[in-house]
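Please read the structure below before turning to the comments.
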Amino acid sequence: MNSEMAFLRNEILQCTKCELSKTRNHAIFGEGNEDAAIMIIGEAPGRDEDIQGRPFVGKSGQLLDRILAACGFTRQEHVFISNIVKCRPPENRVPAPHEAAICMPWLLKQIELVDPRILILLGATALKYMAGQEHRITRERGNWFNWQNKLAISVYHPAALLRDPLLKRETWEDFKKVVGKYRELVNPQHYSPYV
Ligand code: URA
Ligand code: SF4
Ligand code: URA
């Protein structure tokens with residue numbers, strides 16, 4: 001990890017800027033390749049993440065890893081995974097607007113340091129806090145849009161796919177677009193087992 005990233009990690013792990021710090025076990029920095037071309041942004045750590053100190057390690061995370069594997073992507077090489085807020089909201093409630101606003105500078109700094117070509121926003125919360133509350137995942141998922149001069153796409157959150165498996169088909173179409181864009185922008189030879 002480069003020193004600026006290591007410094008940022010340390011600041012996040014010790015952060016007490018909002019009340020979520022009082023109930024967390026771990027602040028979750030994120031993980032993956034700090035030079036990744038793809039950054040994945042989820043909502044907030046859940047119970048498993050709070051215990052383990054890593055993002056997306058529960059049921060949603062296992063599904064995310066299967067989707068990434070089908071795209072030929074690994075956490076180690078192709079992506080950096082983070083969240084809108086770094087600490088678990090009690091009872092897994094959606095992060096409140098003031099919590100997201102207080103935490104957002106950490107995420108913005110991560111995006112600046114990783115400097116990905118492609119942003120994948122996982123679910124309604126990531127879409128709304130990144131793009132604005134008026135945005136609707138059901139209408140906009142799978143559409144590329146410009147986020148501060150980066151390409152961004154929103155997709156259903158893996159937790160939504162676990163609740164409603166019928167959403168998987170559309171989500172797979174969305175991830176095929178990501179693989180296509182990755183080949184276009186980053187590596188034309190990128191191998192994926194299913195795309
Ligand atoms: N859901 C999220 O949005 N983020 C995680 O890190 C885990 C589950
Ligand atoms: Fe700090 Fe974000 Fe955790 Fe709040 S959620 S304590 S702002 S790291
Ligand atoms: N509803 C949500 O809250 N998230 C999704 O990703 C899809 C539907």
Side-chain angles (χ1 to χ4, degrees), residues 4-34 36 38-69 73-76 78-114 116 119-131 135 137 141 152-164 167-168 171 174-175:
E4 218 178 341
M5 194 68 107
F7 185 85
L8 177 64
R9 179 171 184 273
N10 205 39
E11 284 189 298
I12 290 174
L13 296 190
Q14 299 181 43
C15 178
T16 55
K17 286 197 294 180
C18 86
E19 69 267 25
L20 296 181
S21 63
K22 296 188 187 137
T23 47
R24 74 176 182 222
N25 288 298
H26 290 99
I28 318 299
F29 173 67
E31 72 180 27
N33 179 352
E34 64 185 272
I38 300 173
M39 190 146 160
I40 297 177
I41 300 171
E43 173 174 323
R47 184 171 172 277
D48 297 297
E49 291 77 22
D50 180 59
I51 292 169
Q52 294 187 42
R54 295 177 53 208
F56 282 100
V57 290
K59 287 223 159 61
S60 290
Q62 289 160 21
L63 178 52
L64 177 63
D65 283 340
R66 289 202 295 278
I67 295 169
L68 293 177
F73 297 143
T74 65
R75 290 194 187 208
Q76 295 71 30
H78 302 88
V79 304
F80 188 90
I81 303 175
S82 192
N83 281 300
I84 295 290
V85 295
K86 311 306 188 204
C87 303
R88 181 197 183 199
E91 315 302 328
N92 296 346
R93 62 170 171 74
V94 174
H98 72 278
E99 293 160 351
I102 295 169
C103 205
M104 193 59 83
W106 295 138
L107 178 61
L108 297 179
K109 188 72 190 174
Q110 288 180 313
I111 296 171
E112 181 191 324
L113 293 179
V114 175
L119 292 171
I120 304 176
L121 311 182
L122 287 186
T125 302
L127 174 64
K128 285 166 179 270
Y129 283 129
M130 289 289 286
H135 290 266
I137 189 96
R141 51 140 280 279
I153 191 168
S154 64
V155 302
Y156 288 128
H157 193 287
L161 306 183
L162 291 169
R163 285 192 302 269
D164 182 359
L167 299 177
K168 285 182 179 174
T171 303
D174 299 343
F175 273 93

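Order of appearance sets the numbers: ligands from 1, and atoms from 1 within every ligand.
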Output yes when a side-chain donor or acceptor of [X] lies under 3.5 Å from a complementary backbone atom of [Y], and no otherwise.
X	Y	answer
Gln110	Phe29	yes
Asp50	His26	yes
Glu31	Ile81	no
Asn83	Glu43	yes

Straight-line distance of Leu162 CG to His157 NE2, nearest 0.5 Å: 9.5 Å
About how many Å separate CE of Met39 and CG of Leu107, when rounded to the nearest 0.5 Å? 5.0 Å
Which of the ligand 1 atoms, numbered from 1, are nearer than 4.0 Å to a heavy atom of [X]:
X	answer
His157	1 (N), 2 (C), 3 (O)
Gly42	3 (O)
Glu43	2 (C), 3 (O)

From the candidates Asp50, Asp48, Asn83, the one that places a heavy atom nearest atom 4 (N) of ligand 1: Asn83
Give the residue, atom name and distance (to 0.1 Å) of the protein heavy atom nearest atom 8 (C) of ligand 1. Phe56 CE2, 3.7 Å
Identify, by atom number and element, the atoms of ligand 2 in contact range of Arg24, meaning under 4.0 Å from any of its heavy atoms. 3 (Fe), 6 (S)
Quick check for you: within a radius under 2.8 Å, how many protein N, O or S atoms neighbour atom 1 (Fe) of ligand 2? 1
Can you pull the side-chain hydrogen bond (donor to acceptor under 3.5 Å, both in side chains) pairs that have at least one residue in residues 55-66, sequence neighbours excluded? Asp65-Arg75
Can you confirm whether His78 sits close enough to Leu68 that some side-chain heavy atom of one is under 4.5 Å from a side-chain heavy atom of the other? no
Heavy-atom side-chain contact between Arg24 and Lys86 under 4.5 Å: no
Can Glu99 and Arg93 be said to form a salt bridge (charged side-chain N to carboxylate O under 4.0 Å, His left out), step by step? CA-CA 12 Å; Glu99 293 160 351; Arg93 62 170 171 74; 2.8 Å; yes
Just heavy atoms, cut-off under 4.0 Å: does Glu99 contact ligand 2 by side chain, backbone, both, or neither? neither
Looking at Glu19, I want to see if its CD is surrounded by more than 12 non-hydrogen atoms of other residues, nucleotides or ligands under 6.0 Å. yes
Looking only at N/O atoms, are Gly46 and ligand 1 under 3.5 Å apart anywhere? no
May I ask you to identify, for Ala44, whether its side chain, its backbone, both or neither come under 4.0 Å of ligand 1 on a heavy-atom basis? backbone
Taking 4.0 Å as the limit for heavy-atom contacts, which would you say applies to Glu49 with ligand 1: side chain only, backbone only, both, or neither? side chain
Any non-hydrogen atom of Glu19 lying under 4.0 Å from ligand 2? no
